[in-house]
Amino acid sequence: MRLATWNVNSIRARVDRIVDFAVREHIDVLAMQEIKCKVDQFPFDRFEEAGFHVEAHGFSQWNGVAIASREPVTDVRTAFPGMPGFEKGHTGTDAPLEARALGATVGGVEVWSLYVPNGRSLGDPHFFYKLEWLEALREYVSGTLASQPDLPLALVGDFNIAPTDADNGDPAVVQGFSTHVSPPEREAFAALESAGLHDVVRPLVPSGYTYWDYKQLRFPRNQGMRIDFILGSHAVADAVAGAAIHRDERKGEAPSDHVPVVVDLDFDDADDDDRPMIF
DNA sequence: ATGCCTCACGAGGTGAGA
């Protein structure tokens, strides 16, 4: 299975480019973030013509997540248990939920397309929302892997955290002043790893960014950040056969400010085993 | 050219992004 994640920054603004990529790169499952539309505005036809089924989750022009898959998906969920909401500075499980998580099972893998809250600025109510959201996610992962330690679980998406100093090349993002690089955010990311998730791309692609701001020549100057990740449980990590960050997708006409991150998973099951069995 | 920000909403700026 070839699994990809991409913050597309509006599906309607660049659906051709996204479907072309998925077809050209033989993507089986594409998790998208920031589709920036309601479900009834999603261009399902464009994906279906290319052989994909799509699950989409969006309430408005903000946020929005989707999963396109060549095979049918099951167990679709539009939030993980305990996910907090946000409204006018108020956060918690009693606040309205935003469209930031979509879970589905495909090919035996529980995949979540995640758009972690931005945080806006240190000390902003949105910043505390971000930390609460990440803590609820960690609790879900801990509980799930405690009861099903061998579950192939993949958390993919825009985590809005640069986990190490090497993951931030944007001079406007400064330690002590900016979101994405603050100690509590990095601790929240590390806590996901402590809960049993592994960054399955970094071992194969040790450097490189996944996002460059549109402003001030950030891409030509390569002043980006690595904030988009594919995190997998041990069953996923053990199946990794390849990985790539498609930097070229930041070039050309009307790109997203993020690029796709891709991983090849080989579970060696009967589905993709067309070799003769020799005993 | 990879080039000084883009998108949605809606009809003038505003909010959000990271």
Side-chain angles (χ1 to χ4, degrees), chain A residues 5-18 21 32-43 56-66 85-89 91 96 98-100 113-131 133-134 157-186 188-189 208-229 245-261:
Chain A
T5 185
W6 195 356
N7 179 323
V8 297
N9 185 18
S10 170
I11 187 65
R12 290 176 292 174
R14 52 187 59 84
V15 60
D16 289 343
R17 179 172 192 137
I18 293 158
F21 170 81
M32 291 168 273
Q33 302 84 38
E34 281 210 271
I35 62 172
K36 288 187 168 176
C37 67
K38 302 173 186 177
V39 172
D40 62 10
Q41 297 173 308
F42 192 97
H57 179 47
F59 295 126
S60 67
Q61 72 268 42
W62 307 121
N63 315 309
V65 283
F86 184 79
E87 182 182 49
K88 294 191 289 288
T91 180
E98 297 185 304
R100 294 183 176 276
S113 179
L114 301 175
Y115 179 44
V116 176
N118 168 290
R120 296 181 185 163
S121 62
L122 300 183
D124 190 286
H126 208 262
F127 181 77
F128 299 109
Y129 169 47
K130 180 179 192 174
L131 296 177
W133 201 95
L134 287 162
D158 176 0
F159 284 77
N160 271 321
I161 299 169
T164 76
D165 290 346
D167 299 323
N168 177 33
D170 187 331
V173 177
V174 182
Q175 186 63 256
F177 296 90
S178 307
T179 61
H180 297 65
V181 297
S182 75
E185 289 166 276
R186 287 177 169 174
F189 189 89
Y209 305 129
T210 64
Y211 159 87
W212 297 259
D213 199 307
Y214 288 123
K215 292 180 283 190
Q216 301 184 263
L217 299 170
R218 289 293 188 246
F219 183 57
R221 291 172 175 161
N222 196 29
Q223 297 173 330
M225 285 197 281
R226 186 192 283 228
I227 55 177
D228 300 270
F229 297 98
I245 297 172
H246 285 258
R247 189 179 188 281
D248 284 356
E249 283 302 319
R250 186 64 175 77
K251 302 178 183 177
E253 197 71 21
S256 171
D257 42 3
H258 297 249
V259 295
V261 179

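In this structure, a donor-acceptor pair under 3.5 Å is absent between the side chains of A/N118 and A/K130. Checking A/W212 against A/D170 by side-chain atom types alone, no donor-acceptor pair falls below 3.5 Å.
Counting to the nearest Å, the P atom of B/dA16 and the CD atom of A/E34 are 13 Å from each other. One can place CG of A/N7 at 17 Å from P of B/dA16, the figure rounded to the nearest angstrom. In this structure, the CG atom of A/D158 is 9 Å from the C1' atom of B/dA18, given to the nearest Å. Here the P atom of nucleotide B/dG17 and the CZ atom of A/F159 are 17 Å apart, to the nearest Å. The separation between A/L122 atom CG and B/dA18 atom C1' is 11 Å, rounded to whole Å. Taking atom NZ of A/K130 as the reference point, atom C1' of B/dA16 lies 14 Å away to the nearest angstrom. Taking atom CZ of residue A/F59 and atom C1' of nucleotide B/dA8, one finds them 18 Å apart after rounding to whole Å. Between A/Y129 atom OH and B/dA16 atom C1' there is a gap of 14 Å when expressed in whole angstrom units.
Among the heavy atoms of the strands, none lies under 4.0 Å from A/D124. Here A/T179 lies out of heavy-atom contact (under 4.0 Å) with every strand. The residue A/Y115 sits close only to the backbone: its heavy atoms come under 4.0 Å of sugar-phosphate atoms, none of a base. Across all strands, A/N63 comes closer than 4.0 Å to no nucleic acid atom at all (heavy-atom distances). Counting any heavy atom pair closer than 4.0 Å across all strands shown, A/W212 reaches no nucleic acid atom.
Classification of A/R186 and A/D165 as a salt-bridged pair holds, one side-chain N sitting under 4.0 Å from a carboxylate O.
Applying the 4.0 Å criterion to OP1 and OP2 of B/dA18, one finds that A/H126 has every side-chain N and O outside that range. In terms of phosphate contacts, A/N168 brings no side-chain nitrogen or oxygen within less than 4.0 Å of OP1 or OP2 of B/dA18. Proximity of A/R218 to the phosphate of B/dG17: no side-chain N or O atom is located under 4.0 Å from OP1 or OP2.
Note that CG of A/L122 is 10.5 Å distant from NE2 of A/H180, once rounded to the nearest 0.5 Å. To the nearest 0.5 Å, atoms CZ (A/F42) and CD1 (A/I35) are separated by 5.5 Å. Put simply, CZ on A/R17 and CD on A/E253 are 8.5 Å apart, with the number rounded to the nearest 0.5 Å. A distance of 7.5 Å separates CZ in A/F86 from OH in A/Y129, rounded to the nearest 0.5 Å.
Only the C1' atoms considered, B/dA8 is 23 Å distant from B/dC4, to the nearest whole Å. The separation of B/dC7 from B/dA18, taken at their P atoms, amounts to 14 Å, rounded to a whole angstrom. Between B/dC9 and B/dG3, the two P atoms lie 26 Å apart (nearest whole Å). Atom P of B/dT2 sits at a distance of 37 Å from the matching atom of B/dG12, rounded to the whole Å. Comparing the P positions of B/dA1 and B/dT6 gives an interatomic distance of 13 Å, to the nearest angstrom. B/dT14 and B/dG10 are spaced 11 Å apart, taking the C1' atom of each and rounding to whole Å.
Comparing A/V173 and A/S10 by the nucleotide of DNA chain B that holds the closest heavy atom to each, the one mapping nearer the 5' end is A/S10. When each of A/Y211 and A/S60 is assigned the nucleotide of DNA chain B with its nearest heavy atom, A/S60 is the one assigned upstream, toward the 5' end.
Between A/H258 and A/Y211, the angle of the ring planes lies from 30° to 60°, which puts this pair in the tilted group.
When the nucleotides B/dC7, B/dT2, B/dG17 are ranked by their closest atom to the side chain of A/K251, B/dT2 comes out on top. Each of B/dA8, B/dA16, B/dA18 was ranked by its minimum atom distance to the side chain of A/W62; first place goes to B/dA16. Of the candidate nucleotides B/dG17, B/dC7, B/dG15, B/dG17 has the atom nearest to the side chain of A/N118.
Exactly one of A/T5, A/N7, A/D158 qualifies for a side chain to side chain donor-acceptor pair (under 3.5 Å) with A/Q33. That residue is A/T5.
For the strand DNA chain B, secondary-structure stems (runs of at least three Watson-Crick or G-U pairs, all distances below 3.5 Å) span B:5-9 with B:13-17.
Put simply, the side chain of A/V259 does not reach to within 4.5 Å of the side chain of A/F21, judged on heavy atoms. Counting heavy atoms from C-beta outward, A/V116 and A/F189 have side chains that stay 4.5 Å or more apart. For the pair A/R226/A/I245, a side-chain contact is recorded, criterion being any heavy-atom separation below 4.5 Å from C-beta on. Contact annotation: the side chain of A/R250 never approaches that of A/Y209 to less than 4.5 Å [non-hydrogen atoms, C-beta and beyond]. In this structure, the side chains of A/E185 and A/L131 come closer than 4.5 Å at one or more pairs of heavy atoms.
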Strictly under 3.5 Å: I want the nitrogen or oxygen pairs between protein and nucleotides 3-6 of chain B, one per line.
{"from": "B/dC4", "atom 1": "O3'", "to": "A/Q216", "atom 2": "N", "distance (Å)": "3.4"}
{"from": "B/dC5", "atom 1": "OP2", "to": "A/Q216", "atom 2": "N", "distance (Å)": "3.2"}
{"from": "B/dC5", "atom 1": "O4'", "to": "A/Y214", "atom 2": "O", "distance (Å)": "3.2"}
{"from": "B/dC5", "atom 1": "O4'", "to": "A/K215", "atom 2": "N", "distance (Å)": "3.3"}

Are there any protein N/O atoms within less than 3.5 Å of an N/O atom in nucleotides 12-14 of chain B, and if so, which ones and at what distance?
none

